[in-house]
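Quick caveat, the model's predicted, so the values are computed rather than measured.
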Amino acid sequence: MTLDLSQFSLRDSFKDNFKGTPPSRPPGSPRVSNLRDASPPFIKGPIPLAWMKAVAMLPGKSLHVGLALWYLAGVKKTKTVTLGNRLLESFGVDRKTKSRCLKSMERAGLISVARRAGCNPIVTLLDVPETWVRRRGRD
């Protein structure tokens with residue numbers, strides 16, 4: 001018995017109408033590329049409460065900048081991040097305020113900053129200095 005493979009080939013009329021692969025989803029349905037697009041952004045913890053108390057006592061929008069730093073640290077999975085202006089704009093912080101807040105947080109010992117001319121600063125989140133805990137966090 002011989003097998004005739006021509007009976008399994010596609011007809012020429014079908015080949016002419018078929019262009020590429022069929023869509024995997026119905027046209028017009030929303031596209032979700034991965035789970036990150038499906039869930040709202042959040043700040044990954046744990047964030048040391050002593051660190052948050054210390055930054056909350058600093059002037060201006062230091063707390064806003066601190067929250068943005070912890071958000072980036074959670075996204076990048078590292079305590080060293082590059083802090084651009086676009087994210088901070090969504091927190092209501094402009095570039096001059098960012099600079100003042102970073103200097104204030106650096107003086108307090110909460111972060112270290114590597115500044116480069118014309119580039120975004122590279123910020124490393126530090127542990128809260130023991131002096132902050134003893135001096136200010138009596139509760």
Side-chain angles (χ1 to χ4, degrees):
M1 179 173 171
T2 61
L3 182 62
D4 182 17
L5 295 178
S6 64
Q7 66 183 357
F8 297 107
S9 68
L10 296 175
R11 289 182 223 103
D12 289 333
S13 62
F14 180 77
K15 288 180 194 175
D16 293 339
N17 292 332
F18 184 73
K19 294 179 178 87
T21 58
S24 59
R25 59 183 174 86
S29 64
R31 182 174 169 238
V32 177
S33 62
N34 60 28
L35 290 178
R36 261 190 259 166
D37 293 340
S39 64
F42 61 91
I43 298 175
K44 185 176 180 356
I47 301 173
L49 185 59
W51 197 96
M52 293 305 292
K53 286 180 180 180
V55 78
M57 291 182 204
L58 297 176
K61 295 193 173 192
S62 296
L63 182 59
H64 298 74
V65 175
L67 288 171
L69 286 170
W70 280 101
Y71 169 73
L72 285 174
V75 169
K76 302 290 183 187
K77 297 181 182 173
T78 179
K79 285 192 170 187
T80 300
V81 295
T82 302
L83 185 61
N85 295 327
R86 187 173 301 163
L87 173 66
L88 287 177
E89 286 172 358
S90 67
F91 281 83
V93 178
D94 63 28
R95 65 185 185 87
K96 290 181 180 180
T97 304
K98 171 182 89 169
S99 179
R100 284 193 303 268
C101 291
L102 289 177
K103 286 176 186 171
S104 175
M105 293 165 72
E106 192 174 23
R107 279 193 302 266
L110 300 173
I111 60 172
S112 68
V113 182
R115 292 175 178 81
R116 304 165 295 160
C119 297
N120 291 321
I122 299 173
V123 182
T124 303
L125 294 164
L126 304 175
D127 295 330
V128 179
E130 199 59 38
T131 56
W132 269 96
V133 176
R134 272 191 248 122
R135 237 184 338 169
R136 315 221 184 216
R138 301 190 196 283
D139 48 320

Which donor-acceptor pairs under 3.5 Å do the side chains of residues 63-85 make with protein atoms, sequence neighbours left out?
unit_1, atom_1, unit_2, atom_2, d
Thr78, OG1, Thr80, N, 3.4
Thr80, OG1, Thr124, OG1, 3.0
Asn85, OD1, Lys98, NZ, 2.8

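- Taking Glu89 as the reference, nothing meets the salt bridge (charged side-chain N to carboxylate O under 4.0 Å, His left out) condition, with sequence neighbours excluded.
- Between atom CG of residue Asn120 and atom CG of residue Leu88 there is a gap of 9.5 Å, rounded to the nearest 0.5 Å.
- Applying the salt bridge (charged side-chain N to carboxylate O under 4.0 Å, His left out) test to Arg100 and every residue at least two apart in sequence or in another chain returns nothing.
- When the side chains of ILVMFWY residues are joined at heavy-atom separations under 4.5 Å, either directly or via intervening members, Val93 and Ile122 end up in two distinct hydrophobic clusters.
- In this structure, Lys61 contributes its side chain and Cys101 its backbone to no donor-acceptor pair below 3.5 Å.
- In this structure a side-chain-to-backbone donor-acceptor pair under 3.5 Å is present from Ser62 to Pro59.
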Atom pairs and distances, donor-acceptor, side-chain atoms in residues 43-51, under 3.5 Å, two or more places apart:
unit_1, atom_1, unit_2, atom_2, d
Trp51, NE1, Leu110, O, 3.2
Trp51, NE1, Leu126, O, 3.3

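- Under the rule for a side chain to side chain donor-acceptor pair (under 3.5 Å), the partners of Asp94 that lie at least two apart in sequence or sit in another chain are Thr97.
- Residue pairs meeting the ring pair (Phe, Tyr, Trp, His ring centres under 6.0 Å) criterion with at least one partner in residues 93-118, sequence neighbours excluded, do not occur; the list is empty.
- Every pair passing salt bridge (Lys or Arg N to Asp or Glu O under 4.0 Å) that includes a residue from residues 109-126 is listed here, sequence neighbours excluded: Glu106-Arg115.
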